[in-house]
Amino acid sequence: MSLKVFNTEARALGAFVPLEAGKVRVYACGPTIYDHAHIGNFRTFLFFDVVHRHLEWSGYDVRFVMNLTDVDDKTIKGAVAAGRSVADFTRPFGDAFLSDCRRLGMLAADSYPRATEYIRQMVDFVARLIDKKHAYVAEDGAVYFSVASFPRYGRLKGIDTSTLMAGARVSQDEYEKEDARDFALWKRAVAADEQASAAWDSPWGRGRPGWHLECSVMSLTELGDTLDLHLGGEDLVFPHHENEIAQSEASTGKQFVRNWLHVKHLQVEGRKMSKSLGNFVTVRQLLDEGFDPASIRHQLLSAHYRSDLNFTRDGLDASRSAVQRLVDFDDRLAAAPTGPGAATELPPVSAETLEAFRAAMDNDFNTADALGALFGMVSRVNALLDARTTVPSDDVKSVRDALASMDRVLGLLQLARAARSVDDSVAAWVEERIQARADARKRKDFAAADAIRAEIAARGIAIEDGPAGTRWKVTDASAARVG
RNA sequence: GGCGCCGUGGCCAAGUGGUAAGGCAGAGGACUGCAAAUCCUCUAUCCCCGGUUCGAAUCCGGGCGGCGCCUCCA
């Protein structure tokens, strides 16, 4: 068994075989930074992160690149409206995006190329396509890719564009194109572009890159002519990725991407997310509402990436409970009484779970199935632990190792831990209160003891009495952190 | 209109030919001063109708329902 992925181009599950054994080149279509990224964007980006993590977990040497598009129609429009250059306009959004990524526990990419840093390479790229007769300069000074020069056009989406576009789809303002299917590689600069400092010199006059061109040039520059994986949202299949294939392969003469993976769009509270519906949710908004990053991460990973996923606040609450179960389990393992004794079923359970987990992830990154394997282990191990007073430390270690291993892919525990830490002063206060409660309990003054417990609970901290004494845990980080 | 996807217990969600993972919620029980955590037990023949098959949630046909893309969009 090894990794299988659903390649959009093949429309089928196939064995993942990187161009170079042991090494994987991944290009992830990142955000256009003209606004804050929303939760729908993050379904996609979080999936990218899981791909990234699982490849590394599987032992591959991964080079992971995610671009930040900082020049396109919307960016320029926004910059002009703000009276700034695209560079100044996009910087804060780019910073905020990377910050959101960290908040959600995403691994850093090896590189985050911004389009404006690759203008030189883009110009060279376009010149090469013109040389090869795959592109032409139109009368308006723009450069277009000639789709007719690339016979394989349409194979990603699986459409025959020669017939599909034969109709009256030619918009009035694009008459300079020789063929309605042709798309802009380089756009002639207009006043707004200059105003936003989004225009550069080129052999064809002042202008700026077309959107599709940006990704091709950045990916080829950063990763070479052939990528093992190119990831994106489902909306990008056509025309964005189709165009990338055309221009890239026309330029290099080599296969551009071996595997295309596309993530299905997220629904929010049962509907497509859009600004007009007013159900646009950003990550920072959810965090401000008090939701735990780990809950968000859990819900976004709770369904397979090619399935519908309806993001809801109720679901977030359910995810919070699920994550808490994991944290409690981890705590229990850390405190499990160990001692000599007969071997337990723990090691084989750990091994079986890891195997099931791996199989799930290898099956086109089936995170829902993988979570099932993980939680199955939680139940089985809890039951085994209940049945014994002590277990050999090696046995416990096998479970802890398995849990930590799986979490290197899921990233839930580490994230949950980060949100549940408190200042030393808070910890000291809790310890003091617990001692006071212990005294009250010793006096059988349960009313006082319960009052103290309520006092602690009000600070977002729960306590649990066990044979080894009273333990406490943070359940509501936002309340607990307040010193 | 074109292309495509989906419909599994109260909610979420795996499972693509051999008689239904997991999470959340709920009920009862054990443990507990009470809780919490944990465990045990309980709640599904998989939208409907046909068909193929020894056997289907899984394949085929039809129906009903929901959704996505086709336009800037992750």
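A note on names: the letters A, B, ... follow the listed sequences, proteins ahead of strands, and every chain is numbered from 1. Predicted model, so just to flag it, every value in this text is computed and none were measured.
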What does [X] touch in the nucleic acid at a heavy-atom separation under 4.0 angstrom: a base, only the sugar-phosphate, or nothing?
X: A303(A); value: sugar-phosphate
X: R271(A); value: nothing
X: L236(A); value: sugar-phosphate
X: T312(A); value: nothing
X: R471(A); value: nothing
X: Q267(A); value: sugar-phosphate
X: N382(A); value: sugar-phosphate
X: G30(A); value: sugar-phosphate
X: S307(A); value: sugar-phosphate
X: R443(A); value: nothing
X: G233(A); value: sugar-phosphate
X: N366(A); value: sugar-phosphate
X: L231(A); value: nothing
X: D450(A); value: base

Taking only Lys NZ, Arg NE, NH1 and NH2, and the carboxylate oxygens of Asp or Glu, determine whether [X] and [Y] approach each other closer than 4.0 Å.
X: R453(A); Y: D450(A); answer: yes
X: D476(A); Y: R459(A); answer: no
X: R417(A); Y: D330(A); answer: yes

Using 30° and 60° as the class limits, which term best fits the ring planes of F47(A) and Y305(A): parallel, tilted or perpendicular? parallel

When you compare A20(B) with A56(B), how far apart are their C1' atoms, in angstrom units rounded to a whole number? 12 Å

I'd like the C1' distance from C59(B) over to G18(B), given in whole Å.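 Their C1' atoms lie roughly 14 Å apart.
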
Suppose we call a contact any N or O donor and acceptor under 3.5 Å apart; does that hold for the side chain of R325(A) and the base of G23(B)? no

Strictly by Watson-Crick or wobble contacts shorter than 3.5 Å, is anything paired with [N], and which nucleotide is it?
N: G50(B); value: C60(B)
N: C31(B); value: none
N: C69(B); value: G2(B)
N: C24(B); value: G10(B)

Does a nitrogen or oxygen in the side chain of [X] sit under 4.0 Å from OP1 or OP2 of [N]?
X: S321(A); N: A25(B); result: yes
X: T32(A); N: C72(B); result: no
X: K272(A); N: C69(B); result: yes
X: S379(A); N: G23(B); result: yes

For Y305(A) and G68(B), what is the distance between atoms OH and C1' respectively, to the nearest whole Å?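 Spelled out: OH on Y305(A) to C1' on G68(B) is 16 Å.
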
Value in whole Å for how far the C1' atom of G65(B) lies from CG of D308(A): 14 Å

Are L354(A) and S405(A) close enough, and set up right, to give a side chain to side chain contact (heavy atoms under 4.5 Å, CB included), and what steps lead you there? CA-CA 8 Å; L354(A) 275 176; S405(A) 177; 3.9 Å; yes

Would you please determine if the base of A74(B) is stacked by H265(A), with stacking meaning a centroid separation under 5.5 angstrom and planes under 30 degrees? yes

Under the criteria of a ring-centre distance below 5.5 Å and an interplanar angle below 30°, is F375(A) stacked with the base of G22(B)?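 The ring of F375(A) is not stacked on G22(B).
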
Without swapping roles, check the side chain of D182(A) against the backbone of V147(A) for a donor-acceptor pair under 3.5 Å.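 A pair under 3.5 Å: yes.
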
What's the verdict on side chain to side chain contact (heavy atoms under 4.5 Å, CB included) for E464(A) and T470(A), showing C-alpha distance, side-chain angles and the deciding distance? CA-CA 6 Å; E464(A) 301 173 356; T470(A) 298; over 6 Å; no

